Amino acid sequence: MKKTTLILSMLTLLSAPVMVSAGEVSATTTTVSRSLADLQDYVGTYKLKDLPIDKIVVTEQAGKLHYVAGEYEGDFVEVSGKADTYSANNGEATVTFVRNTEGKVASLKLQIPDGTFEGTKEMASAAALTDYVGKYKMSGMDFEFVQLSLKDGQIHFDAGDNKGVFIPVPNQADTFDASGQAVVKFERDAQGKITKIIVDAQGQTFSGVPMAQ
């Protein structure tokens, strides 16, 4: 009888729900990667206020969301259970991307020990960006063409297996960062029309020309 009672007691304990106090629960992170299409939502330059660092540049590199903020650089780690939220700098900072009524990322909130700060996503004028839109025939690269399109105020590139978003390089006209894969520059003629694309990637330089539309 005692043996039966002991077995029943053990089964009851094993099947009972485990109670965890609120103080024992902490935010967790996950390295499960989102699709590249999802990550492109966050790519861009965010202008910060009230901080020594004036901006955060967010790019997609090798399937991860990468950030550069002054002397700080690294990959964001997605925070489990919290939409559009990532940790940075070994958990010392948390970034939450904020979407507008259309569902597009328009800003971010940066939480650090000193407080919470906001950054607004910089958007170049659509009129200026249309200069770059089109198909370019490349020389010496693994792919023959690069297609540039304008979407949500950003230049998107499609070059074979390589896809992403161009991020304007500050204080350098007609120069972009291609999602951390290369630096892209455009040359213009005397009338201001784009005549050439130059791609600097992995220590090599390639060029291409726009095709007639």
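Here the structure is a predicted model, which is why all the values come from computation and not from measurement.
- Minimum heavy-atom separation, Ala178 to Val184: CB-CG2, 4.1 Å.
- Take Ser149 and apply the side-chain contact (heavy atoms from CB on, under 4.5 Å) test, not counting sequence neighbours, and it matches His156.
- With sequence neighbours excluded, no residue satisfies side-chain hydrogen bond (donor to acceptor under 3.5 Å, both in side chains) with Glu187.
- Asp131 and Tyr136 get closest at one heavy-atom pair: O-OH, 4.3 Å.
- Partners of Val209 according to the side-chain contact (heavy atoms from CB on, under 4.5 Å) rule, which considers only residues two or more places apart in sequence or in another chain, do not exist here.
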Please tabulate, one pair per line, all N/O donor-acceptor pairs under 3.5 Å involving side-chain atoms of residues 66-77, not counting sequence neighbours.
residue: His66; atom: ND1; partner: Gly74; partner atom: O; Å: 3.0
residue: His66; atom: ND1; partner: Asp75; partner atom: OD1; Å: 2.9
residue: His66; atom: NE2; partner: Glu73; partner atom: OE2; Å: 2.9
residue: Tyr67; atom: OH; partner: Asn89; partner atom: N; Å: 2.9

>> I'd like to know whether Asp54 forms a salt bridge (charged side-chain N to carboxylate O under 4.0 Å, His left out) with Lys49, so could you lay out the CA-CA distance, the side-chain angles of the two residues, the decisive distance to 0.1 Å, and finally the verdict.
In response: CA-CA 7 Å; Asp54 64 345; Lys49 297 179 181 178; over 6 Å; no
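- Linking ILVMFWY residues whenever their side-chain heavy atoms come closer than 4.5 Å, directly or via other members, leaves Val95 and Val98 in distinct clusters.
- Partners of Asp200 under the side-chain hydrogen bond (donor to acceptor under 3.5 Å, both in side chains) rule, at least two apart in sequence or in another chain, are Thr205.
- Considering every non-hydrogen atom in both Glu92 and Pro113, the closest pair reads O-CD, 3.5 Å.
- Applying the 6.0 Å contact sphere to CG of Asn100 captures more than 12 heavy atoms from other residues, nucleotides or ligands.
- Between Leu65 and Phe97, the closest side-chain pair of non-hydrogen atoms falls below 4.5 Å.
- Using a 4.5 Å heavy-atom threshold, the side chains of Lys196 and Ile194 count as separate.
- The side-chain contact (heavy atoms from CB on, under 4.5 Å) test applied to Asp189 returns Gln191, Lys193, Thr195, not counting sequence neighbours.
- Chaining together hydrophobic side chains whose heavy atoms lie under 4.5 Å apart places Val43 alongside Val57, Val165, Ile167.
- Met141 and Val183 are assigned to two separate hydrophobic clusters, defined by single-linkage of ILVMFWY side chains at heavy-atom distances under 4.5 Å.
- Partners of Lys47 according to the side-chain hydrogen bond (donor to acceptor under 3.5 Å, both in side chains) rule, which considers only residues two or more places apart in sequence or in another chain, do not exist here.
- Salt bridge status for Lys185 with Asp174: absent, with no side-chain N to carboxylate O gap under 4.0 Å.
- Closest approach of Val79 and Ser87 over heavy atoms only: CG2-N, 3.7 Å.
- Every residue two or more places apart in sequence or in another chain that forms a side-chain contact (heavy atoms from CB on, under 4.5 Å) with Glu144 is listed here: Lys137.
- The hydrophobic side chain of Val169 is isolated, with no ILVMFWY side chain under 4.5 Å apart from it.
- Counting heavy atoms from C-beta outward, Leu110 and Thr116 have side chains that stay 4.5 Å or more apart.
- When the ring pair (Phe, Tyr, Trp, His ring centres under 6.0 Å) test is applied to Phe157, the partners found at least two apart in sequence or on another chain are Phe166.
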>> Please determine whether side chain to side chain contact (heavy atoms under 4.5 Å, CB included) holds for the pair Val133 and Ile155, giving the CA-CA distance in whole Å, both sets of side-chain angles, and the decisive distance to 0.1 Å.
In response: CA-CA 8 Å; Val133 171; Ile155 293 292; 4.0 Å; yes
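- Taking CZ from Phe145 and CG from Asp158, the interatomic distance works out to 12.5 Å, rounded to the nearest 0.5 Å.
- Taking both residues in full, the closest heavy atoms of Lys121 and Asp41 are given as NZ-O, 3.2 Å, listed atom of the first, atom of the second, then distance.
- Taking the six-membered ring where the residue is Trp, Phe186 and Tyr132 present tilted rings, their angle falling between 30° and 60°.
- With sequence neighbours excluded, the residues that form a side-chain hydrogen bond (donor to acceptor under 3.5 Å, both in side chains) with Lys104 are Asp152.
- Considering all non-hydrogen atoms of both residues, Gly119 and Leu48 come closest at CA-CD2, 3.9 Å.
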